J.: 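Sharing a structure, written as structure tokens. Questions coming.
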Amino acid sequence: QRFVGTVIDVTREREMLDRLRHSVEHMQVAEDIGRFGLWEVDIRERVVSMSEGMRRLSRLPADAPLSIPLDHFYSMLQPQDRAELMESHRRAFDLGEHISTDRQWILQDGSVRWHRSYGRPELKDGKPWRILGASMDVTERKELELSLEAARVRAEAATVAKSEFLANMSHELRTPLNGVLGYAQLLQRDRNLNAAQREALDAIAKCGAHLLDLINDVLDLSKIEAGPVDIDEVPTDLAKLLTDLRYVVAETAQQKGLTL
């Protein structure tokens, strides 16, 4: 009695299998960390295949198959999502367009998530036959972008409201102030005024003019926020400016016992 057998060296095959297994494990870890998944749409076989990361991203049950009929995959989507995805697939197969979308999905567990998807058609015998792609969960990033955009819109609305308020307020302040300045100028023309009366009128006129300049400065500040402001350079009499300033603060300084 004897046995006849053969021995085959399968070291290379085992090494290849080990490398393949390690590659799959590394891809699974990368999908978990990066929160993305890979997918493939085979138009000839009408089958959708996905990686385990894509299954998790889609919130499908852990025992859900990784390959499902394309029509069944479409039926799992909300009507609006289904129409948009079918159109993007049609354009990829018919026109060779790449897929690049940010879309909000209602997933199988009822949650709403933002997915950023990229895909490209692959050719066989000169004709498209499948789309290879990847999707990433960008919900937190998208919500942050939307909140920042909403904050920007609110800030712009607040700026417009403030500018309108300043414009209206300046008009309301200018109207009575112009009346005060007008009467002060009329009284200054009276030749019967004594020195004290004339000095008091001069102080009223100078303080009123200073207040008018402040109102104009407030308007200029609101214009600066809206855009560039033209600046006119004109000669300034520093001595006169200081004298006018003295009239503005003289009463307050006197009340506090200060000597100017």
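None of the values given here were measured: they were computed from a predicted structure. Basis for what follows: all heavy atoms, side chains included, without hydrogens, waters or symmetry-related copies.
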J.: Using the side chain to side chain contact (heavy atoms under 4.5 Å, CB included) criterion, which residues pair with Asp237? Sequence neighbours excluded.
T.: Ala239, Lys240

J.: Pick from Glu52, Arg55, Met54: which one makes a side chain to side chain contact (heavy atoms under 4.5 Å, CB included) with Leu60?
T.: Arg55

J.: Mind checking side-chain hydrogen bond (donor to acceptor under 3.5 Å, both in side chains) for Glu97 and listing every partner two or more places apart, or none if nothing turns up?
T.: Arg91

J.: In sequence, state the C-alpha distance, the side-chain angles, and the governing distance for Arg130 and Asp42, and then conclude on salt bridge (charged side-chain N to carboxylate O under 4.0 Å, His left out).
T.: CA-CA 4 Å; Arg130 67 175 180 175; Asp42 188 326; over 6 Å; no

J.: If a pair satisfies salt bridge (Lys or Arg N to Asp or Glu O under 4.0 Å) and one of its residues is in residues 182-193, list it, with sequence neighbours excluded.
T.: none

J.: Looking at residues at least two apart in the chain, or sitting in another chain, which of them share a side-chain hydrogen bond (donor to acceptor under 3.5 Å, both in side chains) with Ser49?
T.: Ser67

J.: In a table with atom names and distances, give each donor-acceptor pair under 3.5 Å that connects a side chain of residues 119-126 to protein atoms at least two apart or in another chain.
T.:
unit_1	atom_1	unit_2	atom_2	d
Arg120	NE	Glu122	OE2	3.2

J.: Mind checking side-chain hydrogen bond (donor to acceptor under 3.5 Å, both in side chains) for Asp202 and listing every partner two or more places apart, or none if nothing turns up?
T.: Gln188

J.: Can Met86 be reached from Phe93 by stepping across I, L, V, M, F, W or Y side chains whose heavy atoms are under 4.5 Å apart?
T.: yes

J.: Taking all non-hydrogen atoms of both residues, which atom of Ala205 and which atom of Leu181 are closest, and how far apart?
T.: O-CD2, 3.6 Å

J.: Start with the C-alpha distance between Ile68 and Val47, add both sets of side-chain angles, then the distance that settles side chain to side chain contact (heavy atoms under 4.5 Å, CB included), and finish with yes or no.
T.: CA-CA 6 Å; Ile68 57 177; Val47 172; over 6 Å; no

J.: With a 6.0 Å cut-off (strictly less than), is the heavy-atom count around CZ of Arg141, excluding the residue itself, greater than 12?
T.: no

J.: Checking Glu145 now: which residues fulfil side-chain hydrogen bond (donor to acceptor under 3.5 Å, both in side chains) with it, not counting sequence neighbours?
T.: none

J.: Are Ser51 and Trp39 close enough, and set up right, to give a side-chain hydrogen bond (donor to acceptor under 3.5 Å, both in side chains), and what steps lead you there?
T.: CA-CA 6 Å; Ser51 66; Trp39 48 267; over 6 Å; no

J.: Cluster question for you: counting only ILVMFWY and a side-chain heavy-atom cut-off of under 4.5 Å, with indirect links fine, are Leu107 and Leu66 together?
T.: yes

J.: Any chance you could measure Arg82, atom CZ, to Ser75, atom OG, to the nearest 0.5 Å?
T.: 7.0 Å

J.: Using side chain to side chain contact (heavy atoms under 4.5 Å, CB included) as the criterion, list what pairs up with Thr236, not counting sequence neighbours.
T.: Leu241

J.: So, does Glu199 use its side chain to make a donor-acceptor pair with the main chain of Ala196 at under 3.5 Å?
T.: no

J.: Not counting sequence neighbours, which residues clear side chain to side chain contact (heavy atoms under 4.5 Å, CB included) with Thr139? List them please.
T.: Arg113, Trp114, Asp137, Glu143

J.: Is it true that Arg103 and Asp81 have a side-chain N and a carboxylate O under 4.0 angstrom from each other?
T.: no

J.: Please determine whether side chain to side chain contact (heavy atoms under 4.5 Å, CB included) holds for the pair Leu57 and His115, giving the CA-CA distance in whole Å, both sets of side-chain angles, and the decisive distance to 0.1 Å.
T.: CA-CA 9 Å; Leu57 204 66; His115 286 181; 3.8 Å; yes

J.: So Leu85 and Phe73, side chain to side chain contact (heavy atoms under 4.5 Å, CB included) or not? Walk me through it.
T.: CA-CA 11 Å; Leu85 189 61; Phe73 174 72; 3.5 Å; yes

J.: Within the 4.5 Å heavy-atom criterion, are Glu149 and Val153 side-chain neighbours or not?
T.: yes

J.: Give the cluster check for Met136 versus Leu38: same hydrophobic cluster or not, with ILVMFWY residues linked at side-chain heavy-atom distances below 4.5 Å.
T.: yes

J.: Between Ile43 and Met50, is there a shared hydrophobic cluster once you connect ILVMFWY residues whose side-chain heavy atoms come closer than 4.5 Å?
T.: yes

J.: Just so I know, are the side chains of Val48 and Glu40 near enough to count as touching, which here means a heavy-atom distance under 4.5 Å?
T.: no

J.: Any chance you could pull the hydrophobic cluster mates of Ile106, using side-chain heavy atoms under 4.5 angstrom and chaining through other members?
T.: Val112

J.: Within a radius of less than 6.0 Å around CD of Glu45, do more than 12 heavy atoms belonging to other residues, nucleotides or ligands occur?
T.: no

J.: Give the C-alpha distance, both sets of side-chain angles, the deciding distance and a yes or no for side chain to side chain contact (heavy atoms under 4.5 Å, CB included) between Ile131 and Ile99.
T.: CA-CA 9 Å; Ile131 305 174; Ile99 296 174; 4.2 Å; yes

J.: Considering residues at least two apart in sequence or located in another chain, which fulfil the ring pair (Phe, Tyr, Trp, His ring centres under 6.0 Å) criterion with Tyr74?
T.: His89

J.: Does Leu148 sit in a hydrophobic cluster with other residues, and if so which ones, taking ILVMFWY side chains as linked at heavy-atom separations under 4.5 Å, directly or through other members?
T.: Leu144

J.: What's the spacing between Arg59 CZ and Trp105 CH2 if we round to 0.5 Å?
T.: 14.5 Å

